[in-house]
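Notes follow the structure.
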There are 2 protein chains.
Amino acid sequence: MATGRTHRPATRSRGIPEATVARLPLYLRALTALSERSVPTVSSEELAAAAGVNSAKLRKDFSYLGSYGTRGVGYDVEYLVYQISRELGLTQDWPVVIVGIGNLGAALANYGGFASRGFRVAALIDADPAMAGKPVAGIPVQHTDDLEKIIEDNGVSIGVIATPAGAAQQVCDRLVGAGVTSILNFAPTVLSVPDGVDVRKVDLSIELQILAFHEQRKAGEEPALETAAGDGAQPAAASREAAAAAAPAASADQGPDGDVPAVMPA
Amino acid sequence: MATGRTHRPATRSRGIPEATVARLPLYLRALTALSERSVPTVSSEELAAAAGVNSAKLRKDFSYLGSYGTRGVGYDVEYLVYQISRELGLTQDWPVVIVGIGNLGAALANYGGFASRGFRVAALIDADPAMAGKPVAGIPVQHTDDLEKIIEDNGVSIGVIATPAGAAQQVCDRLVGAGVTSILNFAPTVLSVPDGVDVRKVDLSIELQILAFHEQRKAGEEPALETAAGDGAQPAAASREAAAAAAPAASADQGPDGDVPAVMPA
DNA sequence: ATGTCTTTGTGAACGCGTGCACAAAGATGG
DNA sequence: CCATCTTTGTGCACGCGTTCACAAAGACAT
C-alpha cells in the first residue's frame with residue numbers, strides 16, 4: 001500500500017497478514033494507555049473500542065499471534081503489551097537516521113513517540129554545510145558527506161527521508177548503498193529501491209487531496225459552476241482544448257514550485 | 001482505513017472505489033510533472049511507471065472517471081490533469097486551518113505542496129498565548145479562543161490537528177462544532193467524530209513500527225535472544241507473570257511521556 | 001461437581017481490489 | 001479504402017480482508 005516498487009509479493013511475512021501488522025501498533029498504543037492506568041485485563045470489545053476497530057477484527061488479528069487471552073475474562077494487558085511489542089520487534093533498539101533537517105526533519109527529531117517505542121535517533125543529516133554541528137533536539141547535525149560512515153558506524157537499518165523531492169532518490173540510493181533496508185519517505189516522490197528494501201510513504205498533500213474529494217462529494221453535486229468542459233464522455237478534440245484552456249487558470253501549475261516538499265532545502 | 005469511527009459504510013462515494021481515489025493524487029503528481037516538461041501525451045504504461053503502479057490498475061482507475069484517452073495513442077496530459085483535478089475537487093480553493101503550531105504545525109504551514117494544489121492555509125491556531133500574533137510562514141498565529149469565529153469567517157471545512165494527543169479530541173470537537181467536516185489528524189489518538197465527518201490519520205510512530213516488523217523478519221528468526229517467555233501457545237499463569245516481569249524493563253513504559261505527540265505543547 | 005454466564009477463537013460467506021489477457025478502437029501508412 | 005499496429009477499456013478469475021455467527025472454553029456461583 002505504500003511501496004515504491006511496482007510489484008510486491010504481497011509480503012504476507014509469516015502468516016500474519018499485512019493489514020493485521022498495520023493495526024498492531026494501534027492496539028499497542030491502546031494497551032499501553034491501559035497499562036499506565038494499571039488496568040489488569042481488557043475484553044476484545046473494550047480494547048476494540050479504544051483502538052477504533054471492530055471487535056471481531058481485533059480477535060482475528062490476535063489469533064494470528066497465538067491464543068493469548070482467556071475466555072470469559074479477556075486479555076491480560078501486560079502480557080499482551082509484551083507479545084505485541086515482541087512481534088513488532090520493539091523489544092530491541094532500532095537506531096534511525098533522519099536525512100533532511102528542515103522544518104519537518106526538526107519536527108521528527110523532536111518527536112517523543114520515537115524514543116518511547118524502541119526507536120532511537122542515531123543521527124541527523126543535512127546537505128547544508130551551515131547546519132553542520134548545529135544541535136537540533138540535542139543532536140548535532142552532520143553533513144551528507146559522512147552519510148555512509150554514519151550508517152555503518154551506528155548499524156542503522158532504518159532511514160527517514162525528509163528532504164526536498166529532488167534530492168530524495170539520490171539520498172535513498174546512498175542510504176540503501178550503505179546498508180539501510182527500510183525507508184520512511186516524506187518527500188513527495190516515488191522512490192525506486194531494489195528488492196528486499198521496504199519503503200513506506202507519508203504524503204501530506206495526498207491525504208489532503210483525498211479529504212477534498214470526499215468534502216466535495218458531501219457538498220453535493222448541484223454546485224456545478226464550471227458547466228463548460230466535458231462532463232460527459234466525448235473526448236473530442238474541441239472539448240479537450242476548451243478544458244485545457246480553462247483548467248490551468250484555476251490551480252494547476254501556477255508556480256514553479258509544483259512539487260516542493262515539506263522542508264526547506266537548507 | 002484511517003477513520004476514527006468504528007463503522008463506516010465503506011464510502012464508495014459515487015462508484016469510484018476508495019482505493020482508486022487514494023491513487024488519483026499520485027497520478028496527478030506524475031501528470032503535473034509531465035505537463036511542466038510539456039509532454040503532450042502519455043501511455044498508460046509510461047504513466048504507471050512514473051506513478052509506481054501497475055498499468056492495468058491505472059487504466060481501470062481511469063475507467064471509473066470516464067473514457068478519456070485515445071486508443072493507439074494514450075492520454076492527453078493537460079486534459080487528464082484537468083479531469084483528475086476536477087474529480088478531486090481541486091479546481092476550487094480549500095481554506096484550511098492548522099491547529100497546534102509546534103514543530104510539526106510549523107512544518108505544515110511552510111509546506112509548499114498545499115498552496116500549489118488548491119489548498120490555502122487560512123489560519124494558524126495555537127493554545128499558547130505567547131504565540132499569538134507571532135508570524136509563522138508569514139501567517140500570524142491566532143489563539144484557540146477564536147477558533148469558532150475563524151472557522152466561520154473563513155468558511156473552513158478542512159482542519160489539520162497537530163496538537164499533543166491530550167488536546168486532540170477537544171480540538172476536534174470544537175472544529176466539528178464550528179462546521180469542519182474533514183480532519184487530518186497528526187496526533188497519536190483515535191478521534192471520535194459524528195457521522196458525516198471524515199478523519200484521516202497520519203501517525204509517524206505507527207509507520208516506523210510497521211517498518212520495524214518487516215526489518216525484524218528480514219533479520220531472520222535465529223537471533224531469538226529472549227528464549228524465556230511464551231513463544232508457544234500456553235497462556236499459563238506462570239509464563240504470563242514471567243513475561244510481564246521481563247517485558248516492562250525492555251521498552252514499554254519507561255517514562256511518563258508514553259504518548260507525546262509530534263509537537264511541543266507550546 | 002454441576003450449571004450458568006461471559007468471552008474468546010474461528011469456520012464460512014461475502015465483497016473489494018488486483019492483475020491477466022483479450023477484444024474493440026482508433027491512428028497511421030500504403 | 002484497406003491493412004497493420006499500437007494502446008485503451010474491460011470481462012473474468014483469484015486472493016485478501018472483513019464480518020457474521022456460533023461452538024468451545026473457562027470463570028464463577030451454588
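Each chain gets a letter, A, B and so on, in the order its sequence line appears, and its residues count up from 1.
Look at CG on A/D76: it is 16 Å from P on D/dG26, rounded to the nearest Å. The NZ-P distance, from B/K57 to C/dC16, rounds to 17 Å in whole Å. One interatomic measurement links the two molecules: CD of A/E18 to P of D/dT18, which rounds to 12 Å at whole-angstrom precision. To the nearest angstrom, C1' of D/dT19 lies 12 Å from CG of A/D61.
Listed here is the closest heavy atom pair of B/T91 and B/Y82: CG2-CE1, 4.2 Å. Shown here for A/V190 and B/G52, the closest heavy-atom pair between the two residues is CG1-CA, 4.0 Å.
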Checklist line | Criterion side chain to side chain donor-acceptor pair (under 3.5 Å) on A/S205 and A/Q209, from CA distance to verdict | finding: CA-CA 6 Å; A/S205 177; A/Q209 290 175 52; 2.9 Å; yes
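Residues that satisfy the salt bridge (charged side-chain N to carboxylate O under 4.0 Å, His left out) test with B/R23, not counting sequence neighbours, are B/D61.
At a threshold of 4.5 Å between non-hydrogen side-chain atoms, the residues B/L184 and B/I161 do not count as touching.
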Item checked: Protein proximity profile, nucleotides 3-12 of chain D - base contact B, sugar-phosphate-only contact S, no contact -, cut-off 4.0 Å on heavy atoms -> ---BBBBBBB
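Under the ring-ring contact (aromatic ring centres under 6.0 Å, His included) test applied with B/F62, the options B/Y27, B/Y68, B/Y79 reduce to a single match, B/Y27.
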